[in-house]
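Ligands are counted one by one from 1 in listed order, and the atoms in each one are counted from 1 as well. The first residue of the sequence shown is numbered 1, and numbering continues consecutively from there.
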Amino acid sequence: MSEQITPYQVPPKTPLAGSAAAEIREQGEISRRNFPVVLTTAWFALAAALGGLGAILGRFLFPNVLFEPVSKFKAGLPADYSVGEVDERWKEKFGIWVVRNEEIMYALITVCTHLGCTPNWLAAQNKFKCPCHGSGYYRTGVNFEGPAPRPLERAKIYIDTSDGQIVIDKGKQFHQERGEWTDPESFLKT
Ligand code: FES
């Protein structure tokens, strides 16, 4: 009669069949052979994790640096600009119009004084017109229509005596409403 096993008893060990024992031995062999591969993979995973951690720490240790756009640039020779024209060659790259008349040259900053949109130069209408809310400016930069509260600003402009080129420096700006357009750095005599 076979012995009954209750649910709380551990069943007696039975000897492994020959083929099962061989299979287990073989698996052990494979595990030993794979050990270097497993170790290498683990090292790579650890290195990747440490690298990620280092990157995160770097973000905390070194604050984000804001690279401001270039504010000063050379704009060629005065003779490169025609009298009576609003020159748009620097509008896209530096946000500047260069205006030349019979007496002076000046650099207008292409930022609407209402809410900062970029106006367009409308040669046929002889004015700058802001597409956002309709402010209009004469070629001098003075506002005359729309919600703009004050004229456009002018940037510092001067000649580099080493090569005769015009230099425009947006780092220094001149406001008409403060009487700064009479400052000799706000225009060039031509
Ligand atoms: S931003 Fe130019 S009119 Fe409003």
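Considering CD1 of Ile168 and CE of Met105, their distance stands at 7.5 Å, rounded to 0.5 Å.
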Check against side chain to side chain donor-acceptor pair (under 3.5 Å), Tyr137 and Thr113: CA-CA 10 Å; Tyr137 303 85; Thr113 56; 3.2 Å; yes
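Counting only protein N, O or S atoms, the number found under 2.8 Å from atom 2 (Fe) of ligand 1 is 2.
By the ring pair (Phe, Tyr, Trp, His ring centres under 6.0 Å) test, Trp90 is found to be paired with Phe73, Phe94, residues two or more places apart in sequence or in another chain being considered.
A cation-pi arrangement is found for Lys156 relative to Tyr158, the charged atom lying closer than 6.0 Å to the ring centre and inside a 45° cone about the ring normal.
The SG atoms of Cys117 and Cys112 do not sit under 2.5 Å apart.
Side-chain polar atoms of Asn126 and Arg139 form a donor-acceptor pair below 3.5 angstrom.
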